[in-house]
Amino acid sequence: MSAAMTCRSCEAEGLLPFLSLGATPLTDAYVPLDRADEPEARYPLDVAFCPSCSLVQLLYAVPPEAIFRDYSYYSSFSETLLVHSREHARELMTSRGLDSGSLVIELASNDGYLLRNFVEEGIPVLGIDPALGPADAAEAIGVPTLREFFGVELASRLRSEGKRADVVIANNVLAHVPDLNGFVEGIATILADDGIAEIEVPYVRELIEGLEFDTIYHEHLCYFSVTALDALFDRHGLSLNHVRRFPIHGGSLRLTVGRRSEERDTVRTHLADEAAAGMDDFDYYRGFGDRVVEVQASLRAMLERLRGQGKRIAAYGAAAKGTILLNSSGIGSDLIAFVADKSPHKQGKLMPGVRIPIVPPERLLEEMPDYVLLLAWNFRDEIMREQRAYLEAGGRFIVPLPTPVEVGREALESVEAG
Ligand code: JHZ
């Protein structure tokens with residue numbers, strides 16, 4: 001574990017801490033039952049703001065080898081993400097006129113959830129991902145995958161082999177990278193002269209304003225604004241040309257960058273909106289820690305009250321963010337009986353830290369707990385649709401953030417419509 005004394009992007013000193021979530025286990029370190037008696041490592045989770053370039057970042061970093069080689073997150077278990085990714089791929093095929101002579105490179109290609117769409121259309125791809133299990137799954141569906149960490153060295157090697165990408169995609173990976181500048185320099189190196197990179201990151205504005213504190217974990221070293229990203233790309237000769245927002249993962253930015261400046265109004269508009277909101281000023285972040293403590297206390301009080309009334313409570317979604325919500329809020333196995341999750345890579349294990357068993361979603365209907373705490377709140381509608389039978393039988397969900405609320409079968413109609 002290393003402590004950041006200087007900003008990960010602009011290298012300035014004087015980072016200003018504004019939130020500590022205490023010492024928590026690694027989010028994806030699901031505990032196998034035969035290791036249930038062994039202690040787990042915990043690492044501090046402290047967040048700071050860089051007054052020089054506005055980047056929000058963790059103060060302490062766990063080495064990526066400890067997180068990403070043995071990685072249990074497989075992207076393909078969320079239909080909403082699959083649909084979002086298919087639409088992204090199709091749009092790129094059309095807007096960039098991709099064909100059998102093109103090359104699409106994806107950084108953190110996971111189990112091939114996105115690149116498979118290009119493969120189906122005969123467009124050459126290369127996935128890059130150090131996570132061994134997901135990379136095997138990608139190869140099994142015909143997505144060639146290099147099992148390596150991406151950075152400027154790998155990019156130079158690929159370029160010297162004659163590879164240049166028409167499109168680079170890097171979704172939900174920039175926040176994971178300790179050497180931000182090396183990663184972005186790598187993108188600049190591997191892009192063809194007229195190529196573009198599209199990069200998705202969870203938006204720090206949604207995190208702060210939607211109180212999405214559980215998306216802060218050791219995997220995510222940075223929390224991006226357009227302001228901070230513009231400076232980062234600029235440093236590597238890349239032009240930020242277009243910015244869009246999508247609801248995925250609690251609210252994300254999609255940034256289009258290229259070597260050529262083709263800046264659209266969206267860039268200026270976002271920069272101006274962020275300045276107007278004060279996102280380049282520490283005051284914007286200062287009160288966040290107190291708001292987190294309040295929501296944690298009100299969620300815990302709600303669950304304790306329900307347990308006190310003899311209600312049985314389960315949870316849904318063994319998401320990374322679930323590990324943080326439960327551990328940092330002091331919600332353990334005394335309150336939650338089990339966590340349902342579709343992924344066989346997580347079922348049969350225990351949630352890190354709080355050690356709550358992870359089971360298949362069918363258990364909800366079999367056991368009919370009175371309430372289900374929705375840990376994967378970002379997929380609320382998809383999960384409610386999937387659990388229609390549980391809701392129709394009288395079960396209720398608790399959506400924890402930004403304010404804990406109950407929803408039941410009365411919400412199904414609007415979920416189906418939306
Ligand atoms: P999910 C992920 O974080 C992964 P996580 C990663 N850490 C990242 O950077 C962020 O996103 C942005 C399950 N599920 O994706 C699947 C069902 O069981 O929200 C997952 O285990 N049934 C790289 O891990 C979990 O819920 C369903 O119907 O916090 C969701 O995890 C659906 C939709 C999901 O995020």
Side-chain angles (χ1 to χ4, degrees), residues 1 21-46 58 60-78 110-111 129-137 172 176 213-221 296 299-300 303 307 312-364 366-367 369 372-379 383 400:
M1 153 141 301
L21 289 171
T24 68
L26 295 180
T27 44
D28 269 282
Y30 301 93
V31 183
L33 288 183
D34 60 358
R35 299 227 308 265
D37 295 337
E38 295 173 21
E40 273 161 281
R42 287 174 186 263
Y43 303 92
L45 203 43
D46 292 354
L58 292 191
Y60 302 96
V62 176
E65 284 283 345
I67 299 179
F68 295 110
R69 285 293 186 193
D70 181 14
Y71 194 48
S72 10
Y73 177 76
Y74 286 63
S75 305
S76 292
F77 288 97
S78 306
N110 198 273
D111 58 10
D129 201 309
L132 303 176
D136 288 346
N172 297 305
H176 296 195
F213 74 88
D214 53 350
T215 61
I216 295 170
Y217 41 83
H218 302 100
E219 246 177 65
H220 292 165
L221 295 163
Q296 288 174 324
L299 178 62
R300 202 172 48 244
L303 299 175
R307 279 299 288 145
R312 192 150 185 265
I313 311 169
Y316 194 115
K321 64 177 84 61
T323 299
I324 297 304
L325 187 92
L326 297 171
N327 281 283
S328 70
S329 310
I331 297 168
S333 53
D334 51 332
L335 293 171
I336 306 289
F338 58 83
V339 179
D341 195 288
K342 267 189 193 169
S343 172
H345 305 284
K346 298 179 180 176
Q347 292 164 6
K349 297 184 178 167
L350 303 168
M351 288 298 279
V354 288
R355 305 288 177 101
I356 303 172
I358 304 168
V359 303
E362 293 72 37
R363 283 279 286 279
L364 291 180
E366 286 162 20
E367 297 201 17
V372 172
L373 175 62
L374 197 52
L375 298 173
W377 47 259
N378 48 321
F379 295 124
I383 292 171

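Model, not experiment: these values are computed from the prediction.
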A quick test of your reading: do over 12 heavy atoms of other residues, nucleotides or ligands sit less than 6.0 Å from CG of Asp136?
yes
Kindly check if the number of other-residue, nucleotide or ligand heavy atoms within 6.0 Å of CZ (Arg35) is above 12?
no
Review item, side-chain donor-acceptor pairs of residues 316-324, under 3.5 Å, at least two apart:
residue : atom : partner : partner atom : Å
Tyr316  : OH   : Glu386  : OE1          : 2.9
Tyr316  : OH   : Glu386  : OE2          : 3.2
Lys321  : NZ   : Asn378  : OD1          : 3.1
Thr323  : OG1  : Thr27   : O            : 3.2

Should the ring pair His176 and Phe68 be called parallel, tilted or perpendicular, given that the plane angle runs from 0 to 90° and is split at 30 and 60?
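Because their plane-to-plane angle is under 30°, the rings of His176 and Phe68 count as parallel.
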Please work out whether the ring planes of Tyr74 and His345 are parallel, tilted or perpendicular, with thresholds of 30° and 60°.
parallel
Listed partners of [X] passing side chain to side chain donor-acceptor pair (under 3.5 Å), at least two apart:
X: Asn172; answer: none
X: Arg300; answer: none
X: Ser76; answer: Asp111

Donor-acceptor contact present, side-chain Asn110 to main-chain Pro134, <3.5 Å
no
Flag side-chain contact, heavy atom, 4.5 Å: Pro352 against Leu26
no
Non-hydrogen atoms of Phe338 and Leu364 that approach each other most closely
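Of all heavy-atom pairs spanning Phe338 and Leu364, the closest is CE1-CD2, 3.8 Å.
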Pick out which of Leu350, Val354, Leu375 makes a side chain to side chain contact (heavy atoms under 4.5 Å, CB included) with Val339.
Leu375
Could you work out, with salt bridge (Lys or Arg N to Asp or Glu O under 4.0 Å) as the rule, every residue matching Arg355, not counting sequence neighbours?
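Result, salt bridge (Lys or Arg N to Asp or Glu O under 4.0 Å) vs Arg355: Glu40.
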Can you list everything that forms a salt bridge (Lys or Arg N to Asp or Glu O under 4.0 Å) with Asp334? Sequence neighbours excluded, please.
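If we apply the salt bridge (Lys or Arg N to Asp or Glu O under 4.0 Å) test to Asp334, skipping adjacent residues, there are no hits.
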